[in-house]
Engineer: 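If you scroll down you'll find the structure; I have some questions about it.
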Amino acid sequence: MTDEPGRDKVSGPDEEFSTSLTEGKFRIQQCNSCSAHCFPPRTLCPVCSSRDLEWRDASGIGWLHAFTIVRRSIEKGGDYNVVLVDLKEGPRMMSRVDGVALEDLKIGMALQAHVAQEADGDKVIFRPGESE
Amino acid sequence: MSRSLRGKSAIVGAALATPGPRPGWSAQEILADAVGNVLDQTGLTLKDVDGLFVGSAFHYTPTLSMAEYLGLRPRFSDSNMVGGSSFVGHLLTAAMALQSGQCDVALICYGSNQATAGGRLHSMAEPQPYEAPYAPRYPVSSYAFAAQRHMHTYGTTRTQLAHVATAARAWAASNPEAQERCPLSIDDVLNARMISDPLSKLDCCLVTDGGGAVIMVRADRANDFPEPPVYLLGAAGAHWHRQISAMPDLTVTAASESGPRAFAMAGFGPQDIDVVQLYDAFTINTLLLLEDLGFCPKGEGGPFVASGAIAPGGDLPVNTNGGGLSCCHPGMYGIFLIIEAVRQLRGAAPGQQIRGAETALVHGNGGVLSSQITAILGNEQTL
Ligand SMILES: [Zn+2]
């Protein structure tokens, strides 16, 4: 491919994020101007408008903010959880918690992120983590 | 707060499409049915309409599609899409367009055949790459998170939420246009099939067909029409997120901002409102909106609704047609909030009429507690 002016040499933040996931890495952006973390990925810092956002490895540490059990027939795979996780870095994200019975999910429980390669794509999921 | 729009525009027509299931009718045909009904009510014709406001999940360019279908050549049109709250927002935009002379007769309209066309929420929503991988049931799981956080933070119970559903049904019972009128008990709600904990099927709005249309003009023409005018006294909108994972605090909606701004324009407070129409897509909505709009303190929505305050006979008539939970919910309910409020202020409610009602609050919710738009309406005495 020729090096045309105006042609971006790197991908946009969404694609950067999904490329990281395929490499098994969960990264989030941090603003070099105001040091806020942002997720989902952004082009402009929503706190201070800076474009200077840098990818960092996420700590993967989080706490269960809220959860719901989506009810589904046994034939279709049965009930499953969907959760909101407060990341140690600040942002909140939707995810799923594995390795814990549905009835043992508790708001506030410590969680640790993992990148799961699943049939429908790579995704960040959580398992119970060390409480701090 | 600017009060320059207070009382300057009036709703002179508000009509439903024929209520109930409409097998064999398309969304735009149902919309046009409502438009025909509102024209009949006002004595206007399509030729008189020069401002068009359409919210729709069925058309990519709703005002283009509907203007062509209706044979309109609008001077001003707007289809700002903020989910089910769109129509309440159109009241504000229409008032601005009328006052600035961009149009003289504003038509706000909606139609949906959601129930007979498949029975699922019809949506043109784009994929959400940071939520879709976890398969939340959209939109109920988003509201479930909010309900759970409210329970966790304030001790709200499923029984208290169920009171929202039973109050709505009690209002619907006397409204012949409501689609669910059979008695509903707290136990019915608690024992209904769970969809996305803690919300059961009966914590969720209906899936119906339906349509509605509203006509607004400048106040100087308000008395040129057969029905008593209803004035727009205040309106304001706010939104802080799109997806539930980005909602700053799951127990506080942007209604806590739109409400005070709409009240300030109207020069009224919650204590001045005679009848309230809140977008009750799920039982938790009513609780959050009662709190955020100042009808009860934050966190006390549960005990407030459990006291019977919003049911027939209570101190605060809320969703007097049965609401989205029991009257109708064709996917975007906002226009029905307006129509029920107008009918109450005209003294012409199809179900229980609130005697002497002079002021109404209409509040639209869109997305997943995302867009919040409040309008204050009043009859001639409130000017
Ligand atoms: Zn920044």
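As a basis for the values below, the full set of heavy atoms in this structure was taken, side chains included, without hydrogen atoms, waters or symmetry mates. Protein chains get the first letters and strands the later ones, always in sequence-line order, with residue 1 at the start of each. All figures in this text were calculated on a predicted structure; none of them were measured in a lab.
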Engineer: Ring centroid separation for A:Phe39 and B:Tyr130, is it under 6.0 angstrom?
Structural biologist: yes
Engineer: Compare every heavy atom of A:Thr68 with every heavy atom of B:Phe145, then report the nearest pair and how far apart it is.
Structural biologist: CE2-N, 3.7 Å
Engineer: Which heavy-atom pair separates B:Pro133 from A:Asp120 by the least distance, and what is that distance?
Structural biologist: O-OD2, 4.2 Å
Engineer: With a sphere of 6.0 Å drawn around CD of A:Glu16, does it hold more than 12 non-hydrogen atoms of other residues, nucleotides or ligands?
Structural biologist: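 Atom CD in A:Glu16 is crowded, with more than 12 foreign heavy atoms closer than 6.0 Å.
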Engineer: Would you confirm whether the ring centroid of A:Tyr80 sits within less than 6.0 angstrom of the ring centroid of B:Tyr134?
Structural biologist: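 Ring centroids of B:Tyr134 and A:Tyr80 are no less than 6.0 Å from each other.
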Engineer: What's the spacing between A:Arg92 CZ and B:Leu250 CG if we round to 0.5 Å?
Structural biologist: 5.5 Å
Engineer: Do A:Leu84 and B:Met247 come close enough that some side-chain heavy atom pair is under 4.5 Å?
Structural biologist: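 A side-chain contact is absent here, since even the closest heavy-atom pair is not under 4.5 Å.
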Engineer: Assess whether atom CZ of A:Arg51 is packed by more than 12 heavy atoms of other residues, nucleotides or ligands within 6.0 Å.
Structural biologist: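 No, the 6.0 Å shell around CZ holds no more than 12 heavy atoms from other groups.
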Engineer: A:Phe17 versus chain B, heavy atoms under 4.5 Å apart: side chain, backbone, both or neither?
Structural biologist: side chain
Engineer: Would you indicate whether the side-chain heavy atoms of B:Pro136 and A:Met94 approach each other to under 4.5 Å?
Structural biologist: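 They are in side-chain contact.
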Engineer: Rounded to the nearest 0.5 Å, what separates atom NE2 in A:His65 from atom CZ in B:Arg149?
Structural biologist: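 Output value for this atom pair is 4.0 Å.
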Engineer: Heavy atoms only, distances under 4.5 angstrom: which of A:Ile125, A:Ile69, A:Val82, A:Val124 has the most pairs with chain B? Name it, please.
Structural biologist: A:Ile69
Engineer: Among A:Asp79, A:Val83, A:Asp122, which has the most heavy-atom pairs under 4.5 Å with chain B?
Structural biologist: A:Val83
Engineer: Below 4.5 Å, heavy-atom pairs only: which of B:Ser141, B:Ala246, B:Ala135, B:Ala147 has the largest tally toward chain A?
Structural biologist: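 The candidate making the most pairs under 4.5 Å is B:Ala135.
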Engineer: Between A:Arg71 and B:Ser200 (side chain of the first, backbone of the second, donor and acceptor by atom type, cut-off under 3.5 Å), is there such a pair?
Structural biologist: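 No; judged by distance alone, with no hydrogens or angles, the pair does not exist.
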